[in-house]
Structure formats: C-alpha cells, structure tokens
Amino acid sequence: MGAKVSGAEDAGPEGKPRRVRMTPGARRVLEAAERLFYEHGIHAVGVDTIAAEAGVTKKTLYDRFGSKEQIVVEYLAGRDERWRELLAGRLAAAGEGPAARVVAVFEASRAWSQRYGAKGCSMINAHAEISDPDHPAYPVITGQKRWMLDLFTGLAREIDAAGADRLARTLMLLHEGALVAHGVGVVPDPFGAALDQVRELLGR
C-alpha cells in the first residue's frame with residue numbers, strides 16, 4: 001500500500017486501522033482531503049489536488065501518509081471519532097432510560113447531518129467506492145456500522161431482552177435509511193420521519 005510512513009504509529013489491536021501522528025503539514029493535508037473527498041468523492045480526487053489544496057508538496061504528503069489509501073483511512077476514522085464524541089454527549093444528556101437514549105441517537109444524527117453531512121453519510125458514500133475488503137479503509141467503514149448496530153443492540157436489550165436483535169435491526173435500518181434519504185434530499189426531514197417510527201416502536 002506504499003512506503004513506510006515516517007509518522008506512522010504502530011498498528012493497534014486487531015481490526016483497528018494503523019493511524020498517522022499529525023504534524024501541522026499532515027493536518028493540512030487531512031483537512032484538505034476531507035473537504036475534497038466528501039465534496040467530490042474519493043476516487044475523483046488525486047494526491048496532486050490534495051497537496052495543492054493543502055499547500056504542501058507531494059513529498060510531504062507521502063512522507064506523512066505513505067499512500068492515498070492511508071489518507072482515506074485518516075479521513076474516515078477522524079469523522080467517526082468526531083461522531084462518537086458528539087453522540088456520547090447526547091447519550092449522557094439523555095439519562096439512563098434506554099428509550100430516551102435511542103431517541104437521542106436519532107436526534108444526534110439529525111444534528112450531525114445538518115452540520116456535517118449535506119451529502120449524506122461519509123461511510124455509506126465511501127462504501128460505494130471502496131468494496132474491496134483488502135483496502136485499509138474498508139474495516140473503518142464496516143466497523144463503524146457494526147459499532148452502531150452494537151449500540152442499538154445494547155439499548156434494545158434494555159428495552160426488550162427477548163426481541164432485542166429484531167428491534168436493533170429495525171432501529172439500524174431506520175437510522176441508515178434516514179442517513180441515505182438526507183443525502184439524497186428527496187424526503188423532507190427524514191430523521192423526523194424516522195423518529196416518528198421509533199417513538200411508535202417504543203411506545204413513546
């Protein structure tokens with residue numbers, strides 16, 4: 001996937017992507033790549049464009065990241081980290097009730113999408129371009145969605161232990177459908193519509 005990266009950290013636990021230590025130059029590259037990848041798509045954006053947008057040389061880009069694939073890893077993993085941070089705050093504010101925390105997930109996704117997701121979910125968009133399990137960003141994409149399903153499953157067990165798996169899958173499908181509909185822009189307030197269904201499911 002490229003040469004040894006001078007700023008690379010050691011690989012994390014199994015299933016965790018290798019990450020890059022951020023220098024000022026690397027951060028400029030990543031900020032530029034995030035804007036370009038999300039706006040235009042991963043495949044449409046080359047390293048020349050990223051380097052020019054970031055105001056660095058291609059040598060600096062490759063010295064810090066080693067490959068375009070690693071920039072994609074950092075782009076997606078960084079968005080996932082920021083999403084989880086936002087969600088953690090919303091879940092904490094929702095209190096201990098599992099139904100209230102389920103609602104908080106959807107409300108957090110609506111807030112995130114309105115601020116950061118005009119073109120829909122970055123993970124879903126990336127998966128449309130990256131279907132090869134050997135791509136280093138693939139585990140970031142699928143891992144983020146598995147993490148969301150695990151979150152819904154944990155909350156569902158507190159609501160209905162016997163039917164937790166079915167409820168979790170239903171919540172996940174409503175959530176992912178709202179993300180896609182938001183990106184497409186043909187359904188007015190898709191998260192509001194999904195929340196109506198969630199509240200009906202949960203008897204709220």
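We're numbering straight along the sequence, starting at 1. For the numbers below, each heavy atom of this structure counts, side chains included, while hydrogens, waters and symmetry mates do not.
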Using a 3.5 Å distance criterion without hydrogens, assess whether the side chain of E129 forms a donor-acceptor pair with backbone atoms of H43. yes

Counting N and O atoms only, with roles assigned by atom type, does the side chain of T49 sit under 3.5 Å from a partner on the main chain of V45, one being a donor and the other an acceptor? no

If we only count heavy atoms from C-beta on, is the R27 to P24 side-chain gap below 4.5 Å? no

Tell me the closest heavy-atom pair linking I141 and A126, and the distance in Å. CD1-CB, 3.7 Å

Donor-acceptor contact present, side-chain N125 to main-chain G41, <3.5 Å: no

Tell me whether H182 contacts the main-chain N or O of S113 through its side chain, where contact means a donor paired with an acceptor under 3.5 Å. yes

For the residue pair K68 and I42, establish whether any side-chain heavy-atom pair is separated by less than 4.5 Å. yes

Within the 4.5 Å heavy-atom criterion, are L151 and L91 side-chain neighbours or not? yes

Given the rule in the salt bridge (Lys or Arg N to Asp or Glu O under 4.0 Å) test, do R166 and D160 qualify, once you have shown the distances and angles that lead to the verdict? CA-CA 10 Å; R166 180 185 177 92; D160 177 14; over 6 Å; no

E69 versus V72: any side-chain heavy-atom pair under 4.5 Å? no

Qualifying side-chain hydrogen bond (donor to acceptor under 3.5 Å, both in side chains) pairs with a residue from residues 81-106, counting only residues at least two apart or across chains: R19-E81, E34-R82, D80-R84, R101-E158

Atom of Y138, atom of I130 and distance for their closest heavy-atom approach: CD1-O, 3.7 Å

Nearest heavy atoms of A108 and L87, plus distance in Å: CB-CD1, 3.9 Å

T60 side, atom OG1; R28 side, atom CZ - distance, nearest 0.5 Å: 8.0 Å

Can you find a pair of side-chain heavy atoms, one from L201 and one from Q197, that are under 4.5 Å apart? no

Could you please spell out the steps behind the side chain to side chain contact (heavy atoms under 4.5 Å, CB included) verdict for I71 and F37? CA-CA 10 Å; I71 302 174; F37 287 157; 3.9 Å; yes

For the side chain of Y75 and the backbone of E31, is there at least one donor-acceptor N/O pair under 3.5 Å apart? no

Mind checking the NZ-CZ spacing from K59 to R64? Nearest 0.5 Å is all I need. 10.5 Å

Stepwise, does the side chain to side chain contact (heavy atoms under 4.5 Å, CB included) test hold for K145 with M172? CA-CA 9 Å; K145 295 306 180 185; M172 182 72 174; 4.1 Å; yes

Gap between atom OG1 of T142 and atom CG of L149 - 0.5 Å precision: 12.5 Å

Where do M123 and L76 come nearest, in terms of heavy atoms and distance? CE-O, 3.1 Å

Shortest non-hydrogen contact from A156 toward L167: CB-CD2, 3.8 Å

Y62/V47 under side chain to side chain contact (heavy atoms under 4.5 Å, CB included): CA gap, chis, key distance, verdict: CA-CA 9 Å; Y62 281 116; V47 293; 3.4 Å; yes

Please name the pair of heavy atoms, one in E74 and one in R18, separated by the smallest distance, quoted to 0.1 Å. OE2-O, 4.0 Å

Backbone N/O of Y116 and side chain of R79: donor-acceptor pair under 3.5 Å: yes

Spacing of CG belonging to L61 relative to CD1 belonging to I50, to within rounding of 0.5 Å: 6.0 Å

Do V102 and I159 have side chains that approach each other closer than 4.5 Å (heavy atoms only, starting at C-beta)? yes

Scan residues 145-178 for pairs that pass ring-ring contact (aromatic ring centres under 6.0 Å, His included), counting only residues two or more places apart or in two chains. F106-F152, F106-H175, F152-H175

Measure the CG-CZ distance between L174 and F191 for me, rounded to the nearest 0.5 Å. 11.0 Å

Output for pair (E176 CD, L179 CG), nearest 0.5 Å, gives 5.0 Å

Under a single-linkage definition using a 4.5 Å side-chain heavy-atom cutoff for Ile, Leu, Val, Met, Phe, Trp and Tyr, are M148 and I124 assigned to the same hydrophobic cluster? no

